[in-house]
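Chain naming here is simple, since letters A, B, ... match the order of the sequence lines and numbering starts at 1 in each.
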Protein chains: 2
Amino acid sequence: MNSRPRNSLKLISEKFGVSPTTVSRVLSGQAQKYRISPETEKAIKDFAAKENFTPNPIAKGLRLKKTHTIGLIIPDIANPFFAGIASQVVNVARTHGYSIVLCDSEENPALEKQSIELLWARQVDGMILCPVGQTPDYLERYAREQRPLVLVDRVFPGLGLPYVSADNFTGAKNATAHLLDNGHRRIACLQGMVGTAPSEARVGGYTAALKERGVPFDPRLVVGDSFGEQSGYLDTKLLIRATPDITAIFAMSNLLALGALRALREENRSVPGDISVIAFDDQPYLAHLSPPLTTVAQPHLEMGAAAVKLLLDEMRAPSSATKSGLYLPTSLVIRQSVRKLD
Amino acid sequence: MNSRPRNSLKLISEKFGVSPTTVSRVLSGQAQKYRISPETEKAIKDFAAKENFTPNPIAKGLRLKKTHTIGLIIPDIANPFFAGIASQVVNVARTHGYSIVLCDSEENPALEKQSIELLWARQVDGMILCPVGQTPDYLERYAREQRPLVLVDRVFPGLGLPYVSADNFTGAKNATAHLLDNGHRRIACLQGMVGTAPSEARVGGYTAALKERGVPFDPRLVVGDSFGEQSGYLDTKLLIRATPDITAIFAMSNLLALGALRALREENRSVPGDISVIAFDDQPYLAHLSPPLTTVAQPHLEMGAAAVKLLLDEMRAPSSATKSGLYLPTSLVIRQSVRKLD
DNA sequence: TCAATCTGCGCAAACGATTGTGTTGACACG
DNA sequence: CGTGTCAACACAATCGTTTGCGCAGATTGA
């Protein structure tokens with residue numbers, strides 16, 4: 001009733017009067033190495049093709065201790081940024097013969113840790129992780145244990161784990177420079193979760209640009225503590241009350257920008273008439289907002305692809321000398337949310 | 001070097017001077033059923049907890065022919081609609097002890113078929129599929145083979161497979177009625193891929209609403225053949241040339257609406273001043289467009305959750321009498337893209 | 001005292017592949 | 001005729017679990 005016999009090496013071998021060994025060797029292309037006769041080989045191959053039989057990966061996994069499976073942990077797969085990463089991870093992995101087991105940590109460090117353990121227990125060959133929190137703690141252990149694990153986006157350099165991230169520093173620096181070029185001097189900065197590498201790097205780029213132009217840095221202009229829409233909304237509201245002289249807002253995520261727009265609309269500030277806005281991370285719909293938003297585009301597709309490739313390297317070489325991090329360049333997409341001041 | 005010994009029943013059993021059988025029974029909660037002494041039980045349990053050992057799922061899968069794994073095939077994980085479904089699938093599956101193997105068919109029927117085969121070969125216990133094409137052909141086989149498989153969104157009723165979808169008919173009907181209520185009579189309809197259930201149902205709802213109000217149906221007003229942005233853009237362009245008297249556009253997807261907006265902007269038609277627009281499928285950013293778009297919200301989170309539950313049912317009951325389909329209600333989200341005509 | 005019952009486990013065969021090491025029969029060569 | 005070579009495979013162990021029986025010793029009842 002519940003049994004779905006399917007095929008197996010044994011079944012096939014009986015059908016041809018040979019041993020499972022022979023079938024296995026034929027199907028793994030070792031036929032001539034083991035001098036299987038061409039007739040036997042052809043018969044078996046034809047049959048396998050007709051039934052499109054593949055040796056059971058579970059049994060294979062048990063024997064070979066390789067599951068051809070990669071774990072992927074994402075803080076929120078419904079977030080387009082991460083969905084984009086995931087899509088490339090899935091596709092590149094597939095072309096290399098790997099399947100993806102997907103976990104969603106729901107922006108929850110505890111669940112993230114749990115998922116990591118789950119995936120290792122499930123014998124994945126390697127893992128790609130977009131960490132959620134600030135504290136790597138247990139990640140360090142995996143680094144020591146030499147497990148194939150690569151970090152994406154919210155990376156932790158210095159942990160001894162390979163990682164790939166956008167060049168947040170330069171991206172933010174260029175965006176800020178763009179605002180400065182357009183005459184803005186009082187530029188507010190809606191940052192993301194403090195302590196995370198992307199947020200720190202972006203704020204770093206922001207201050208670097210200011211310093212380069214000799215514009216004084218005002219700590220009151222750097223606000224926020226989350227990448228979410230709520231935070232963008234609230235902090236923008238507070239901002240235009242506390243420092244009404246700002247002429248531009250640099251929102252360090254997509255959602256922060258949306259929140260900012262909502263707040264500005266409620267406060268009857270026009271964009272870019274009264275206040276210019278730059279977002280971080282491009283998404284198709286940003287072009288359709290009112291106004292179309294200027295933003296720093298992250299190469300999130302490339303990030304996903306790069307992560308898989310780094311991981312594959314890591315998986316074949318038990319662990320080369322130093323784990324290399326990878327920063328991918330961003331690009332400034334100029335639309336219509338920045339006004340030129342005179 | 002490559003060997004990661006880890007733990008195993010055998011290792012643990014040797015540590016406690018018992019047999020692997022005993023350890024297995026303790027860890028699967030069969031201790032008293034097999035009269036394992038409380039001391040032995042506790043010792044083993046404590047050790048397992050400390051090392052947080054779990055019996056190797058691969059070996060378990062081989063023995064039990066159950067992998068506690070569900071396959072999920074999505075046409076495009078980067079599409080927020082599908083990403084939303086996926087997020088719920090992952091989460092609900094997790095709470096039931098199942099992991100998700102994710103495949104992306106890239107809107108490609110051939111790749112879809114290939115992915116299905118891959119997943120079955122990988123011994124998934126069940127599968128959730130968002131089909132891409134119009135022709136079910138090979139799906140029928142799985143229905144006959146009684147495999148646990150549930151369809152989502154682009155469903156095929158009458159195939160003998162359980163499915164879950166939004167109530168596209170009623171959703172479209174209500175949206176059209178909303179336009180009619182606002183005085184619109186010449187309502188164009190940007191449909192999706194013809195032959196797919198969602199598109200047919202939505203067009204069905206549209207015509208039903210017209211008929212109910214006695215508004216004549218004009219076939220020239222129903223155009224398009226894809227859910228993509230390009231199609232929305234192009235067909236809108238053509239539409240306002242061919243039938244300039246339209247006062248409203250019902251775009252039957254998100255992306256179609258974006259395309260329509262782009263075309264209308266280029267043609268200098270204001271929304272909703274000159275032309276009203278209703279979209280299908282709500283996404284957070286629609287509220288931030290100019291103007292905020294009125295749309296038919298699909299319960300895509302619920303759809304994902306329902307799919308998993310249907311699948312779990314299917315997996316425990318080899319196959320009850322008739323496979324039931326499930327239509328989840330939509331809701332009309334009224335924003336500012338529909339103008340009241342007088 | 002002997003059989004019956006109970007306690008507390010162990011044996012060994014799967015599950016479906018992979019692999020190092022045989023084994024067998026045919027043929028060649030000297 | 002003896003031996004060596006070669007073609008064409010087969011054996012059996014192994015990966016880590018689960019599970020239907022089975023079994024030895026202790027206790028109990030009559």
Quiz item: Charged N to carboxylate O below 4.0 Å: is that the case for A:K10 and A:E14?
Solution: no

Quiz item: Which part of the nucleic acid does B:L9 contact within heavy-atom distance under 4.0 Å: base, sugar-phosphate only, or nothing?
Solution: base

Practice problem: Identify whether any heavy atom of A:T40 sits under 4.0 Å from a base atom; if not, whether one sits that close to sugar-phosphate; answer base, sugar-phosphate or nothing. | Solution: sugar-phosphate

Quiz prompt | Value in whole Å for how far the P atom of D:dT14 lies from NZ of A:K66 | solution = 21 Å

Quiz item: Hey, are A:E117 and A:K113 close enough for a salt bridge, meaning a charged N less than 4.0 Å from a carboxylate O?
Solution: no

Quiz item: Which is it for B:R154 and B:E107 under the salt bridge (charged side-chain N to carboxylate O under 4.0 Å, His left out) test, yes or no, and what are the steps along the way?
Solution: CA-CA 12 Å; B:R154 305 197 193 157; B:E107 301 274 5; 3.5 Å; yes

Quiz prompt | Side-chain N,O (B:S24) to OP1/OP2 (D:dT19) below 4.0 Å | solution = no

Quiz prompt | Rounded distance (Å) that lies between atom P of C:dG10 and atom CD of B:E14 | solution = 12 Å

Practice problem: Using whole Å, report how far CD of B:Q123 lies from C1' of C:dG16. | Solution: 9 Å

Quiz prompt | N or O in side chain of B:K65 less than 4.0 angstrom from C:dG16 OP1/OP2 | solution = yes

Exercise. In whole angstrom, give the distance that lies between atom CG of A:L27 and atom C1' of C:dT19.
Key: 15 Å

Quiz item: Nearest-Å distance, CZ (B:F16) to C1' (C:dG10)?
Solution: 18 Å

Quiz prompt | Any donor-acceptor N or O pair under 3.5 Å, side chains A:E112, A:Y138 | solution = yes

Quiz item: Below 4.0 angstrom, N of the basic side chain to O of the carboxylate: do A:E106 and B:R94 qualify?
Solution: yes

Exercise. Using only heavy-atom distances, determine whether the side chains of A:T40 and A:S37 contain a donor-acceptor pair under 3.5 Å.
Key: yes

Self-check item: Presence of B:K60 side-chain N/O under 4.0 Å of C:dC15 phosphate oxygens OP1/OP2
Solution: no

Self-check item: Whole-Å gap separating P (C:dT7) and NZ (B:K33)
Solution: 16 Å

Quiz item: Any chance the side chains of A:R122 and B:T69 put a donor and an acceptor closer than 3.5 Å?
Solution: yes

Quiz item: Distance check: side-chain N/O of A:R35 vs OP1/OP2 of D:dA7, anything under 4.0 Å?
Solution: yes

Practice problem: Look at A:S37 and D:dC9 and indicate whether a side-chain polar atom (N or O) is within less than 4.0 Å of OP1 or OP2. | Solution: yes

Practice problem: Name the residue closer to the 5' end of DNA chain D, choosing between B:N56 and A:P38 according to the nucleotide with the nearest heavy atom. | Solution: A:P38

Interface polar pairs with nucleotides 10-12 of chain D, N/O, under 3.5 angstrom:
residue : atom : partner : partner atom : Å
D:dA10  : OP1  : A:S19   : N            : 3.3
D:dA10  : OP2  : A:S19   : N            : 2.5
D:dA10  : OP2  : A:S19   : OG           : 2.7
D:dA10  : OP2  : A:T22   : OG1          : 2.8
D:dA10  : N6   : A:R25   : NH1          : 2.9
D:dC11  : N4   : A:T21   : OG1          : 2.9
D:dA12  : N6   : A:T21   : OG1          : 3.3

Quiz item: More 5' along DNA chain C: B:I36 or A:A59, using each one's nearest nucleotide?
Solution: B:I36

Quiz prompt | Between C:dA17 (C1') and B:L62 (CG): distance, integer Å | solution = 8 Å

Practice problem: Quickly work out the A:Q30 CD to D:dA8 P distance and round it to whole Å. | Solution: 17 Å

